[in-house]
Amino acid sequence: MKKLAKMQESSFLRLFFAALSVCFVIAAFIMPDRAKAFSGLWDIMTGPCKISTNYFALGYAPTFLNMGLVGLLCTVLVSLPGAKPNNVTTLGVILTIGFGSWGINPLNVIPTVLGVCLFCLIKKEKPGAMSNAMLYSTGIAPLISELLFRYPGAEYLGFNWLGLALGLFVGLIIGFFLPAGLGHAPNIHKGYDHYSAAVPIGFTAFFLRAVLYNVMLGTTPGAMGLSTLAAPEAEFFYACNIFCLVVFGACIVVALGMGCRVKDYWNLMKDSGHGVSFTSKYGNAAFLMNVGVFGLMIVGYYNLAALMDGGWDRVSTVWTGMTFGIVFCMLATCNSGSHPRNVWPIMAGYIATSYLFGWISGLLGVENYALTISNQSILIGLCYANGLSPISGKYGAGYGMLAAGLHYLLVTAVPDMHGGFCLYNGGFTAALICLMFVPQLEKFCKTKEERKLAKASK
């Protein structure tokens, strides 16, 4: 295992992506419903998947298999000649795997990936050098499925020539122009939103929804089929928790075997998380330890949120395909700056805001406040509020809690902008929060380091 610690960053990350993907594939054939793994996978690939879709409605095995195959596809992309996987790649791969349980499949990612390949052909770039753009182009996959299978109406059409042509054409256009947007996005939020790709993807979905639906059709058809969440069962809780405990526990054990010490990981957790690559700065072992510890923290939070909102009976209803997927969507920032120390204020901010506005709504006479901390929309929203962790790392826990509260208030309204076609909804919301909040922080507040220096000078 010591050799893993000394392995080159890009090689280690490829091995990590492949191992994680294989874990999902293996789990698919251990699940009780493994007999329908392939038939369920076909249903996943040939159905609409606007947010919020729940692939668990088709079974555990098909969902796990889909996530594993998506992960292996991502691993292939980041292994193309010229590819050099890094922290940005880590975010893209794990994020895409996470969406494999509620929006992405091996079919609906093809058109936009081909669009990036077209960009490479015309601009004479190596495809591997643009592998990160290929990964992030998949954030608009629900729109591709919608065009493939039921545009222009609301009824499911299945495979048809118009849908195939339209889905491919729109995907090529999106993929071709996305690289330029990805390069500009960090300038908008100054590195305080880990989900940087959400900016160009979110605005693209907003524009296409307006043109393809509001202008041309006068309406946007609602989600259908799997988006009506299947009644969650206790088995969901056990399948999700056991898988996460095994995978994240294995990461911790392997990290220890690679030589990661407590002080190594503590040094990582002292980092603000702003503009950093953990594998480059702290090494492979510390990064893998963060995957395990941060992953367990996320799983613990989602179980705790359910317990706080209704006890043990509520825990079994929280875990759906979406919840399971967002564990990994949130974990995706594990190499870009997020760790337990700068994420707990985000979690605390979400909980506090939920209870505060639940209380205010009660004073206004609203019964059965909907946006409780275990509501699916809020659970998903927290995942992307995690992208604001550099704010708590740079300015302090209080500011992180405030940023999380602002995200909570906005995240459920943003899907109306893009019609549910942008999987990076919460990341797009985080970018909007940065646009509003970061200028005020820079104008009126001192960073933790500035306060420390000011105190030392007295």
Side-chain angles (χ1 to χ4, degrees), residues 1-31 34 37 60-61 63-80 83-101 104 106 109 128 131-132 134-135 138 239-260 265 268 277-280 282-299 324-325 327-336 338:
M1 287 189 183
K2 297 293 184 180
K3 292 182 179 180
L4 293 175
K6 297 178 181 179
M7 188 179 290
Q8 187 179 12
E9 177 188 27
S10 58
S11 299
F12 178 79
L13 289 175
R14 287 193 191 96
L15 179 61
F16 171 72
F17 301 149
L20 180 61
S21 302
V22 169
C23 287
F24 284 99
V25 174
I26 292 174
F29 295 103
I30 295 177
M31 294 294 158
R34 55 187 173 273
Y60 313 119
T63 303
F64 276 87
L65 181 59
N66 186 59
M67 297 176 79
L69 293 178
V70 166
L72 291 173
L73 175 60
C74 291
T75 305
V76 170
L77 293 178
V78 301
S79 300
L80 293 172
K84 295 182 179 179
N86 53 21
N87 61 314
V88 178
T89 312
T90 306
L91 195 151
V93 171
I94 302 180
L95 190 64
T96 307
I97 290 174
F99 284 128
S101 69
I104 281 178
V109 302
S131 58
N132 287 347
M134 294 179 189
L135 295 174
T138 64
C240 296
N241 275 265
I242 291 174
F243 179 83
C244 290
L245 288 173
V246 171
V247 171
F248 298 146
C251 288
I252 293 174
V253 171
V254 174
L256 291 172
M258 291 169 62
C260 181
Y265 187 51
L268 183 150
S277 167
F278 286 155
T279 44
S280 296
Y282 300 101
N284 298 336
F287 153 73
L288 192 61
M289 179 63 74
N290 193 47
V291 173
V293 176
F294 186 34
L296 291 176
M297 178 188 181
I298 296 168
V299 174
F324 181 61
V327 169
F328 295 91
C329 292
M330 190 170 180
L331 180 70
T333 60
C334 62
N335 198 15
S336 300
S338 290

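Numbering starts at 1 and runs along the sequence shown.
- The aromatic ring centroids of Phe64 and Phe324 lie less than 6.0 Å from each other.
- A pairwise comparison of heavy atoms in Val299 and Cys244 identifies CG2-CB, 3.7 Å as the closest pair.
- Here the straight-line distance linking atom OG of Ser338 with atom CZ of Phe278 works out to 7.0 Å at 0.5 Å rounding.
- For the atom pair Thr96 OG1 and Met67 CE, the distance stands at 11.0 Å (nearest 0.5 Å).
- Evaluated for a side chain to side chain contact (heavy atoms under 4.5 Å, CB included) with Pro85, the options Ser131, Ser11, Ser10 yield exactly one hit, Ser10.
- Between the OG atom of Ser277 and the CG atom of Leu91 there is a distance of 11.5 Å, given to the nearest 0.5 Å.
- Side-chain contact between Thr138 and Val70 is absent, with no heavy atoms from C-beta onward closer than 4.5 Å.
- Nearest heavy atom pair, residue Gly100 against residue Asn66, reads O-ND2, 2.6 Å.
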Criterion side chain to side chain contact (heavy atoms under 4.5 Å, CB included) on Phe294 and Thr333, from CA distance to verdict: CA-CA 10 Å; Phe294 186 34; Thr333 60; 3.9 Å; yes

For Phe243 and Val327, what are the C-alpha separation, side-chain angles and deciding distance, and is it a side chain to side chain contact (heavy atoms under 4.5 Å, CB included)? CA-CA 12 Å; Phe243 179 83; Val327 169; over 6 Å; no

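- Under the 6.0 Å cut-off for aromatic ring centres, Phe328 and Phe17 do not qualify, their centroids lying 6.0 Å or more apart.
- When the options Thr90, Thr279, Asn86, Asn87 are evaluated for a side chain to side chain donor-acceptor pair (under 3.5 Å) with Glu9, the one that passes is Thr279.
- Residues Ala255 and Met289 come closest through the heavy atom pair CB-N, 3.6 Å.
- When all heavy atoms of Asn284 and Leu4 are compared, the pair lying nearest together is ND2-O, 3.0 Å.
- The NZ atom of Lys84 sits 14.0 Å away from the CG atom of Leu13 when rounded to the nearest 0.5 Å.
- Counting only heavy atoms from C-beta outward, the side chains of Leu331 and Phe248 approach each other to under 4.5 Å.
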Walk me through it: do Asn335 and Ile94 pass the test side chain to side chain contact (heavy atoms under 4.5 Å, CB included)? CA-CA 10 Å; Asn335 198 15; Ile94 302 180; over 6 Å; no

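- A distance of 11.0 Å separates OG1 in Thr75 from CG in Leu80, rounded to the nearest 0.5 Å.
- Considering only residues two or more places apart in sequence or on other chains, Asn132 meets the side-chain hydrogen bond (donor to acceptor under 3.5 Å, both in side chains) condition with Thr89.
- Considering only residues two or more places apart in sequence or on other chains, Asn290 meets the side-chain hydrogen bond (donor to acceptor under 3.5 Å, both in side chains) condition with Tyr265.
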Could you walk me through whether Val109 and Ile104 pass side chain to side chain contact (heavy atoms under 4.5 Å, CB included), step by step? CA-CA 7 Å; Val109 302; Ile104 281 178; 3.6 Å; yes

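- Taking every heavy atom of both residues into account, Leu65 and Phe29 meet most closely at CD1-CE1, 4.1 Å.
- Under the 30°/60° scheme for interplanar angles, the aromatic rings of Phe16 and Phe287 are found to stand perpendicular.
- Atom CD1 in Ile97 sits 6.0 Å away from atom SG in Cys74 (nearest 0.5 Å).
- The nearest pair of heavy atoms linking Ala61 to Ala37 is CB-CB, 4.0 Å.
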